[in-house]
Amino acid sequence: MNGTPMLQVKDLAKRFPPRSRDEEAPWILADLSFDVADGEFLTMVGPSGAGKSTLLNIIAQVDNASGGEVFFRGQLIETANGAGLNPGWNCQIGYITQDDNLLPWRTLIDNVTFPLKLQGRFDDEAKRRVDELLRVTNLKGFEHYYPHELSGGMRKRASVIRTLAYDPPIILMDEPFGSVDAQTRTQLQQDLLRLWNLGRKTIVFVTHDIGEAISLGDRVLVLSKSPAKIVAAHAIGIKRPRDLGNLYKLDGFGDMFEAVRRQIQ
């Protein structure tokens, strides 16, 4: 990996406080290390309960680590041993969770632009960027609809572009498409790849779906069961742009799918 990685995770460890004095708290993460290159689309898969969400929470600065270090662009992020949290690391780290978290009393456009307005950055350039994001995701014309008037897929797209709108260098995504049907999920994946191609953001995308991990990523990391460690890393050689509807038919996809599946088990 050339140059300084966008993100470095070194020997990260996490365990939660015990529920009683007689209980020994289990380790959720232990000796977890990996790098993410600038502009890389990294996907991560692992068994249920492996600590994938906990890992993203620590990187996003919404939870403390119990040990280890996280570096963003070579700068140490103080997460271990009870250090003060700085969610989003001064708007440098975007975080898209499993829920869309749209404010029900705000319209789609107000939800999308809310972070920019909060930061005092809703200028003409930001307006043009938001307009382009709405166009690419086919949300033009729905700007003044409220969340309850939108489909699940539209709310998911709004959640994604809300984060892209304020332009953080790196975006963490925690199974963002897990709650929608298969057809909508494929469309959202295509939308995400189009959005990623607009600016080549660094993305760390956590999923339980092996096919999704291979379809979207430049590289897929496989996590062990808890306490999570990296057990394998696979470079994905499928050329971009990708036709997600036909990826399963391409040479090498099935072999990689089976390799990852065996490693997770």
Side-chain angles (χ1 to χ4, degrees), residues 1 3-16 27-99 101 115 159-160 162-164 166-178 192 196 199-208 212-213 216-233:
M1 192 174 294
T4 301
M6 172 71 75
L7 182 74
Q8 293 173 285
V9 174
K10 294 186 176 181
D11 302 321
L12 201 67
K14 175 67 178 181
R15 64 176 175 182
F16 295 103
W27 289 94
I28 307 302
L29 309 173
D31 301 321
L32 182 62
S33 300
F34 62 93
D35 294 349
V36 188
D38 190 0
E40 182 178 18
F41 197 132
L42 180 75
T43 58
M44 305 182 74
V45 293
S48 179
K52 300 184 293 293
S53 297
T54 299
L55 170 62
L56 294 190
N57 287 341
I58 292 171
I59 296 172
Q61 289 275 290
V62 297
D63 194 6
N64 290 118
S66 303
E69 298 173 320
V70 178
F71 292 85
F72 173 70
R73 286 180 166 169
Q75 181 180 0
L76 178 65
I77 298 177
E78 299 290 347
T79 58
N81 302 319
L85 296 174
N86 180 8
W89 194 250
N90 302 319
C91 300
Q92 297 298 294
I93 301 174
Y95 193 11
I96 299 172
T97 62
Q98 297 175 28
D99 298 322
N101 294 317
S159 174
V160 171
R162 176 180 56 191
T163 300
L164 287 170
Y166 73 85
D167 207 24
I170 185 169
I171 298 174
L172 312 177
M173 305 185 76
D174 184 11
E175 299 194 41
F177 308 146
L192 176 59
W196 179 69
R200 290 283 172 159
K201 291 292 176 187
T202 306
I203 291 180
V204 179
F205 187 105
V206 161
T207 178
H208 68 277
E212 183 173 61
L216 296 178
D218 296 318
R219 188 165 54 108
V220 55
L221 301 183
V222 183
L223 296 178
S224 69
K225 64 181 181 180
S226 184
K229 298 180 181 179
I230 305 296
V231 297

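Under the 3.5 Å distance criterion, with hydrogens and angles disregarded, no donor-acceptor pair is assigned to the side chains of T207 and E175. Under 3.5 Å, the side chains of T97 and N101 contain a donor-acceptor pair of N or O atoms.
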**Message:** What verdict does the side chain to side chain contact (heavy atoms under 4.5 Å, CB included) test give for F16 and S66, after you've listed the backbone C-alpha separation in whole Å, the side-chain angles of each residue and the deciding distance to 0.1 Å?
**Reply:** CA-CA 8 Å; F16 295 103; S66 303; over 6 Å; no
**Message:** Assess the residue pair W89 and I77 against the criterion (side chain to side chain contact (heavy atoms under 4.5 Å, CB included)); give the C-alpha distance rounded to whole Å, side-chain angles, the decisive distance to 0.1 Å, and a yes or no.
**Reply:** CA-CA 8 Å; W89 194 250; I77 298 177; 3.9 Å; yes
**Message:** Under the criterion side chain to side chain contact (heavy atoms under 4.5 Å, CB included), I'd like the reasoning laid out for V70 against L12: C-alpha separation, chi angles, the key distance, then a yes or no.
**Reply:** CA-CA 8 Å; V70 178; L12 201 67; 3.8 Å; yes
**Message:** Applying side chain to side chain contact (heavy atoms under 4.5 Å, CB included) to V204 and I59, what does each step give before you reach the verdict?
**Reply:** CA-CA 10 Å; V204 179; I59 296 172; 5.6 Å; no
**Message:** Does K201 form a salt bridge (Lys or Arg N to Asp or Glu O under 4.0 Å) with D167? I'd like the steps, not just the answer.
**Reply:** CA-CA 9 Å; K201 291 292 176 187; D167 207 24; 2.5 Å; yes
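Note that the CD1 atom of I203 and the CE atom of M6 stand 11.0 Å from one another [nearest 0.5 Å]. Rounding to the nearest 0.5 Å places CD1 of I230 at 6.0 Å from CZ of F34. One distance of note links CZ of F205 with NZ of K52; it measures 12.0 Å at 0.5 Å rounding. Put simply, CZ on F177 and CE on M173 are 4.5 Å apart, with the number rounded to the nearest 0.5 Å. In this structure, CD in Q75 is found 9.5 Å from CD in Q92, a value given to the nearest 0.5 Å. Atom CZ of residue F72 and atom OG1 of residue T202 lie 8.0 Å apart, to the nearest 0.5 angstrom.
Side chain of N57 to main chain of V62: no donor-acceptor pair is present (N/O by atom type, distance under 3.5 Å, no hydrogens or angles). Of the possible donor and acceptor atoms, none in the side chain of Q61 sits under 3.5 Å from a partner among the backbone N and O of P87. Panel note: side chain S226, backbone G51; no donor-acceptor pair is recorded below 3.5 Å.
No side-chain heavy atom of Y95 sits under 4.5 Å from any side-chain heavy atom of I171. Side-chain contact check for S224 versus V231: some heavy-atom pair is nearer than 4.5 Å. Contact annotation: the side chain of L32 never approaches that of D11 to less than 4.5 Å [non-hydrogen atoms, C-beta and beyond]. Side-chain contact between R73 and P169: present, with at least one pair of heavy atoms (C-beta onward) separated by less than 4.5 Å. Side-chain atoms of N64 and I58, non-hydrogen and from C-beta on, never get closer than 4.5 Å to each other. Proximity of Q98 to P176: side-chain heavy atoms (C-beta onward) are nowhere separated by under 4.5 Å. A heavy-atom distance below 4.5 Å is found between the side chains of T163 and P168.
Closest approach of I93 and A60 over heavy atoms only: CG2-CA, 4.3 Å. Contact record, P5 with D35: CG-OD2, 3.8 Å, taken as the closest heavy-atom pair. The minimum heavy-atom distance linking R219 with L221 is given by the pair NH1-CD2, 3.6 Å. Across all non-hydrogen atoms, the minimal contact from A13 to W27 is CB-CZ3, 3.6 Å.
The side chain to side chain contact (heavy atoms under 4.5 Å, CB included) test with I96 singles out one residue from D174, V160, L172, and that residue is V160.
Comment: D63 engages K14 in a salt bridge, judged by a side-chain N to carboxylate O separation of less than 4.0 angstrom.
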